[in-house]
Amino acid sequence: MSTDVEQPSEADEAAAIAAPEVIANTLGEYVKIWWTRVRSGESGALPVILGLVVIVVYFQARSSLFLSAGNLVNLIEQAAWIVTLGMAEVFVLLLGEIDLSIGYTSVIGSVFTCWLLVPPDPAPWPLAVLVGLAFPAVFGLIEGVIITRLRLPSFVVTLAGQLAGLGLLLAIINIAAPGSGGTIRLYSSVLNDIENGAMSPLAGWIVMAAAVALGGALMITRDNRRRAGGLAAPPASVTWLKVAAMAVAGVVVVLIGNTNRGVGLVVVSGVPWVILVVLVVLVAWSFLLGRTRFGRYVYAIGGNAEAARRAGINLSRIRVLAFVLAGLTAGVMGIIYASQLGSVSSNVPGGQNVLFAVAAAVIGGTSLFGGRGTMLGAVLGGLIVAVIYNGLQLLGLGASPQYIWTAVVLLAAVTIDTVARRSRTSA
Amino acid sequence: MTTPSADDARPATAGRAAAPESGPSDSPPARGQNGDQPLLRLVGVGKNFGPVRALTDINLDVTLGQVTALVGDNGAGKSTLIKTIAGIWPQDHGEILWEGRPVRLHSPKDAAGLGIATVYQDLALADNLDIVQNMFLGREPVKHWALDETTMEKEAKRTLADLSVVTVRSVRQPVGSLSGGQRQAVAVARAVLRQARLVVLDEPTAALGVTQTRVVLDLIRRLKSQNIAVIVISHNLNDVMAVADRVAVLRLGQLVSVGPLSQYDAQSIVELMTTGTSGRRAAAGSEPSSQQPAGSSSEH
């Protein structure tokens with residue numbers, strides 16, 4: 001009556017597919033399992049990071065300015081909005097849906113924010129931000145309800161949303177700032193400082209240390225809880241290596257940020273606030289997707305909607321909520337975008353921005369068919385898009401190679417991912 | 001026959017005799033009259049789709065710790081019957097009794113609430129989620145605002161171990177990486193985890209090779225040994241002969257024969273499925289009282 005009837009090789013193969021975090025007990029085992037996974041196509045963030053390194057090395061070889069503190073901070077400021085919009089898109093892409101409207105709704109939200117802050121009697125900036133976040137969230141809610149109630153494809157509904165968004169943007173800017181030629185300034189210094197201000201060097205170190213300590217503590221308590229429950233936890237050496245890697249990354253970022261990037265006698269230094277904003281969004285949404293029921297259901301629906309339905313999950317509610325969260329995150333992007341430019345104008349390329357966001361998510365390993373992808377992936381993918389843009393600008397090349405390069409990287413990312421998976425399933 | 005005979009797994013309290021159809025067999029299917037109540041009893045259940053009578057006057061008892069094989073040709077009404085039990089299509093006629101009490105199964109939720117779990121052929125697993133995530137999908141425990149992964153993983157491991165599913169090396173591997181038998185095992189384990197008392201398996205071995213089929217048949221035996229009632233729909237008579245305690249043969253929406261496995265052989269089941277009668281085991285109407293085998297107590 002033994003059920004032990006499968007070839008051991010198959011079990012080994014299967015073990016190679018589970019995450020090393022939950023089956024390895026020693027460092028050696030961990031590395032071995034991790035490498036098997038990489039070879040079988042489950043490489044996680046590795047190809048994105050490798051790609052990023054290759055591109056960075058290339059640009060540094062072409063221009064020694066690329067890795068200068070000034071340019072890296074500049075790069076971070078340029079990357080912030082695309083990274084955030086990429087994270088917004090992940091919510092809906094995980095469901096196998098898409099949201100084409102957030103490129104404009106995000107900016108409309110920030111128009112409201114700017115409008116509320118116009119002197120002589122500006123609203124308090126948190127209220128203005130709240131309104132700026134609420135508009136795209138409500139827009140997402142409406143789209144989500146239309147998509148789920150009328151069972152329309154999200155592509156079409158949000159394409160309509162994009163067109164309507166452009167129209168609304170033109171109308172609202174003209175009402176908010178009549179006779180300005182379609183531009184509204186952002187008067188709040190707090191909000192302008194998101195992109196253009198920086199923490200004091202000391203504050204940078206404190207924030208970094210706190211973030212690393214918190215991250216490390218969470219990882220270690222999780223491991224301990226698993227060990228206490230008799231489950232496989234990663235070996236302590238692996239956890240400490242991860243904490244160390246986090247610390248090194250944090251130190252590098254703060255060192256870069258705290259390097260004087262001023263020109264001439266003006267001293268400009270400090271980590272830009274926008275890093276903190278992006279980090280908070282990344283951590284919050286990663287928690288939401290990875291550790292809550294909502295997140296679990298998003299992956300389940302993206303993987304097999306029928307299975308999710310039979311498990312008693314309310315598909316419509318999760319779908320609508322995903323569109324709301326995509327809108328909310330887009331609202332954050334809108335504020336960052338306004339902060340970067342110091343104003344919002346009606347000729348924002350919202351349609352193009354949203355496609356860059358989808359590209360960022362896909363380069364970062366998110367599947368357009370749903371069920372696969374992470375917030376961190378979208379951040380790394382967005383960084384790649386931004387690096388290409390920044391590097392080519394530094395080389396004095398214009399928009400044309402930027403688009404072509406982005407296209408090549410996008411295609412390469414999808415190809416590598418697909419080929420790796422295919423080789424796994426056929427093996 | 002290498003299979004455990006029907007009475008291996010019967011509750012010790014199994015009431016004998018009185019049941020009208022027990023005949024000379026030494027393993028009488030439990031009939032309610034004397035305290036050994038069936039878990040599920042269908043009385044005169046019928047289902048129409050417009051003018052089409054998909055099911056007519058079905059009488060069937062399902063007992064804890066027994067495997068009932070539901071066999072029949074395509075279109076015989078097997079799927080309709082299990083969908084009625086699963087609450088997808090409520091019956092038009094007749095009554096369903098659960099532990100002796102009449103129940104209305106209007107939705108899959110009603111059925112699940114009673115402890116009826118149906119594992120359909122497509123298994124309804126999300127390939128991108130791991131085994132634990134699939135087993136707990138829709139009812140994850142939450143602690144401190146976050147999913148309680150430790151509890152889930154421990155319980156999933158225990159349930160799989162109870163079912164002797166040992167080929168899965170990590171419960172954290174995605175279901176998409178599992179073999180067909182293992183996937184079936186995960187789907188069944190999910191049902192067990194949800195405290196199902198009746199597990200309905202729709203063609204569990206249809207797409208499986210020889211080795212994988214053995215895994216699933218062993219799994220069914222484990223369910224039985226945990227005193228869970230099992231209904232298996234199968235085309236494969238070898239599988240039926242291997243695990244069933246009782247056989248119910250459907251033909252054209254009617255239950256043409258019900259009885260302990262020992263009263264049948266492959267030949268007689270095929271005859272019943274195709275013609276509704278068998279020389280070896282007399283055909284019977286769906287009336288329980290008329291299921292008296294006409295002198296063909298083919299004990300092995």
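Owing to the predicted nature of the structure, the values given are computational and were not obtained by experimental measurement. Letters A, B, ... are given to chains in the order of the sequence lines, protein chains preceding strands, and every chain is numbered from 1.
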Q. So which heavy atom on Arg225(A) is nearest to which on Thr150(B), and how close?
A. O-CG2, 3.9 Å

Q. Side chain, backbone, both or neither: which part of Leu129(B) has a non-hydrogen atom closer than 4.5 Å to chain A?
A. side chain

Q: Can you tell which part of Tyr297(A) gets under 4.5 Å to a heavy atom of chain B, answering side chain, backbone, both or neither?
A: side chain

Q. Which pair of non-hydrogen atoms, one from Ala300(A) and one from Ala126(B), has the smallest distance, and what is that distance?
A. O-CB, 4.2 Å

Q) Of all heavy-atom pairs between Leu147(B) and Thr292(A), which one has the smallest distance, and what is that distance? A) CD1-O, 3.5 Å

Q. More than 12 non-hydrogen atoms from neighbouring residues, nucleotides or ligands closer than 6.0 Å to CZ on Phe49(B), yes or no?
A. yes

Q: Might you point out which heavy atoms bring Asn304(A) and Leu125(B) nearest each other, and give the distance in Å?
A: ND2-O, 2.8 Å

Q) By a 4.5 Å heavy-atom criterion (distance strictly below it), what part of Asp122(B) contacts chain A: side chain, backbone, both, or neither? A) side chain

Q. Is a side-chain donor or acceptor of Arg293(A) paired with a backbone partner of Glu140(B) at a separation under 3.5 angstrom?
A. yes

Q) So which part of Lys109(B) gets closer than 4.5 Å to some heavy atom of chain A, the side chain, the backbone, both or neither? A) neither

Q) At their closest point, which heavy atom of Ala124(B) faces which heavy atom of Arg310(A), and how far apart are they? A) CB-NH1, 3.3 Å

Q: Using non-hydrogen atoms and a 4.5 Å limit, figure out which bit of Arg190(B) sits close to chain A: side chain, backbone, both or neither.
A: neither

Q.
With a strict 4.5 Å heavy-atom criterion, list every residue of residues 78-89 of chain B that contacts chain A, or say none.
A. none

(Q) With rounding to the nearest 0.5 angstrom, report the CD to CZ distance, Glu149(B) to Arg222(A). (A) 7.5 Å

(Q) Would you compute the distance between atom CD1 of Ile301(A) and atom CG of Asn128(B) and round it to the nearest 0.5 angstrom? (A) 11.0 Å

Q. How far does CZ of Arg291(A) sit from NE2 of His144(B), to the nearest 0.5 angstrom?
A. 14.0 Å

